[in-house]
Amino acid sequence: MDAKKVLFITQEIIPYVEESEVSIIGKKLPVAAQEAGKEVRIFMPKWGHVNERRNQLHEVIRLSGMNLIINDTDHPLIIKVASMQASRMQVYFIDNDDYFMKRLMACDKEGNEYTDNAERAVFYARGILETVKKLRWCPDVIICQGWMGSIVPFFIKTLYKEEPSFRESKVVFLAHNQGLKHANSADFINCLYHKNLEPEEIEKNKKDQYKYEDLLQIAVDYSDGIIIGTAELPETTKTLFENSGKKVMPYPENPEEFTNLCNAFYDEVFNANKNEE
């Protein structure tokens with residue numbers, strides 16, 4: 001049995017942000033999945049430099065309006081949507097004044113990483129999962145790309161594990177070399193906290209300070225499979241993935257094979273985990 005519905009939780013997609021290895025893959029993989037006959041949904045952050053007028057973004061009122069409590073503070077969730085030209089696929093954008101408006105991606109214009117990047121990733125993760133619930137859509141496989149997607153596997157396997165939309169979903173983490181130097185948010189565990197989370201899930205992820213590698217470890221621990229999306233991944237990160245006990249798809253020697261191999265890997269993870277259950 002193949003995975004029929006695939007949710008892409010991306011960090012960057014061209015043409016909404018500048019061209020990079022991450023943004024190119026962010027577009028190629030959903031397009032390839034759709035061409036392979038899969039039903040696709042795509043989410044990305046509404047970074048402050050995404051041009052809403054040029055890309056024809058508009059707010060989806062029926063999906064917006066929810067407040068997410070992060071670290072005891074209410075943060076309004078705004079959902080916008082645009083149609084990706086040529087493929088005609090819709091891209092849903094997660095927006096919020098505090099986390100995204102007038103702010104770039106990981107760093108400001110001077111190259112300084114934002115001190116709340118891990119917190120932004122928590123808001124992004126929960127915003128997507130709450131929106132998918134509203135859409136009443138049940139993905140077979142969820143692809144979580146980059147540092148912004150690193151918290152999603154944790155929530156799917158804990159807080160949202162009994163939700164009908166995600167109960168049968170398998171999670172694949174797609175890793176790139178363009179990560180963070182630091183996780184920064186010293187109070188990250190408080191941002192992760194939710195009253196419906198099991199206390200042991202919080203405790204086993206509790207640290208005095210969080211580094212970027214800690215976000216990767218969380219992504220690995222709660223994913224069903226891992227895709228290495230670059231030829232330039234640090235050896236320490238490769239070792240982390242290889243020692244995880246999870247299914248790992250290495251980056252191919254021929255990059256042109258990457259999208260087809262990814263499509264096959266979604267099905268492999270979907271079927272293998274089904275069999276193990």
Side-chain angles (χ1 to χ4, degrees), residues 2-45 47 50 55 81-94 105 121 124-125 128-129 132 137 139-153 156 169-179 216 219-220 223-233 237 241 246-273:
D2 291 344
K4 302 298 185 184
K5 299 179 180 179
V6 183
L7 171 61
F8 288 91
I9 297 175
T10 66
Q11 188 168 299
E12 307 167 32
I13 306 174
I14 53 171
Y16 305 111
V17 296
E18 60 272 16
E19 184 174 310
S20 68
E21 181 180 63
V22 180
S23 64
I24 291 172
I25 289 176
K27 180 178 180 179
K28 278 186 175 181
L29 292 189
V31 170
Q34 180 177 260
E35 291 175 348
K38 300 185 187 300
E39 186 179 330
V40 170
R41 297 285 186 277
I42 312 167
F43 282 82
M44 75 168 278
W47 306 113
V50 173
N55 294 296
V81 70
S83 181
M84 192 185 297
Q85 293 184 358
S87 66
R88 296 185 179 179
M89 289 188 296
Q90 286 191 322
V91 179
Y92 293 91
F93 293 83
I94 297 293
M105 291 188 276
Y124 181 55
I128 291 169
L129 300 180
V132 173
W137 192 67
D140 296 318
V141 177
I142 301 172
I143 313 302
C144 307
Q145 181 200 42
W147 67 269
M148 275 297 284
S150 62
I151 310 301
V152 176
I156 291 174
S169 300
K170 304 305 173 186
V171 186
V172 174
F173 180 63
L174 172 58
H176 296 283
N177 193 30
Q178 292 174 246
L216 287 181
V220 167
S223 293
D224 299 295
I226 301 160
I227 293 174
I228 298 178
T230 178
E232 305 298 328
L233 205 64
T237 306
F241 296 158
K246 307 296 174 72
K247 289 185 174 296
V248 179
M249 190 194 108
Y251 193 74
E253 292 185 8
N254 180 3
E256 293 183 3
E257 299 176 349
F258 183 69
T259 53
N260 288 335
L261 290 173
C262 285
N263 270 333
F265 190 73
Y266 312 151
D267 296 335
E268 181 183 347
V269 170
F270 181 67
N271 288 319
N273 283 275

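Nothing fancy with the numbering, it's 1 onward along the sequence.
- For the pair E18 and M105, the minimum side-chain heavy-atom distance is below 4.5 Å.
- Across all their heavy atoms, S150 and P153 have their closest contact at O-CD, 3.5 Å.
- The 12-atom threshold is exceeded at NZ of K246, counting heavy atoms of other residues, nucleotides or ligands nearer than 6.0 Å.
- Judged by distance alone, with hydrogens and angles left aside, the side-chain atoms of K38 form a donor-acceptor pair with the main-chain N or O of A3 at under 3.5 Å.
- Ring planes of F241 and F173: perpendicular class, angle over 60° (limits at 30 and 60°).
- The structure places CG of L29 at 5.5 Å from CZ of F258, a figure rounded to the nearest 0.5 Å.
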Does the side chain to side chain contact (heavy atoms under 4.5 Å, CB included) test come out yes or no for V152 and V171, once each step is laid out? CA-CA 9 Å; V152 176; V171 186; 5.6 Å; no
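- Scanning both residues, I9 and Y124, for their nearest heavy atoms gives CG2-CE2, 3.7 Å.
- Considering every non-hydrogen atom in both W137 and E39, the closest pair reads NE1-OE2, 2.6 Å.
- Open room surrounds CD on E19; 12 or fewer heavy atoms of other groups in view lie less than 6.0 Å from it.
- Interatomic distance, M89 CE to K27 NZ, rounded to the nearest 0.5 Å: 8.5 Å.
- Pairing each heavy atom of W147 with each of A121, the nearest pair is O-CB, 4.1 Å.
- Side-chain atoms of I94 and P45, non-hydrogen and from C-beta on, never get closer than 4.5 Å to each other.
- Looking only at distances, a side-chain donor or acceptor of D140 sits under 3.5 Å from a matching main-chain atom of K4.
- Across every non-hydrogen atom of Y266 and I227, the tightest pair is CE2-CD1, 4.0 Å.
- Taken to the nearest 0.5 Å, the NZ atom of K170 stands 10.5 Å off from the CG atom of N271.
- Listed here is the closest heavy atom pair of M44 and Q11: CE-O, 4.1 Å.
- Taking CD1 from I14 and CE from M84, the interatomic distance works out to 9.0 Å, rounded to the nearest 0.5 Å.
- In this structure the side chain of P139 never reaches within 4.5 angstrom of the side chain of R41, judged on heavy atoms.
- The distance from atom CD1 of I25 to atom CD of Q145, rounded to the nearest 0.5 Å, is 7.0 Å.
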Test side chain to side chain contact (heavy atoms under 4.5 Å, CB included) on Y92 and I128; report intermediate values, then the result. CA-CA 9 Å; Y92 293 91; I128 291 169; over 6 Å; no
Does V6 form a side chain to side chain contact (heavy atoms under 4.5 Å, CB included) with F8? I'd like the steps, not just the answer. CA-CA 6 Å; V6 183; F8 288 91; 3.5 Å; yes
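- Looking only at side-chain heavy atoms (C-beta outward), N55 and V50 come within less than 4.5 Å of each other.
- The line from CG of L129 to CD1 of I151 is 11.5 Å long, rounded to the nearest 0.5 Å.
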Between Y251 and L233, is the side chain to side chain contact (heavy atoms under 4.5 Å, CB included) condition met? List the steps. CA-CA 9 Å; Y251 193 74; L233 205 64; over 6 Å; no
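- In this structure, the side chain of D224 does not engage the main chain of V269 through any donor-acceptor pair within 3.5 Å.
- Between the T230 side chain and the H176 main chain, no donor and acceptor come within less than 3.5 Å of each other.
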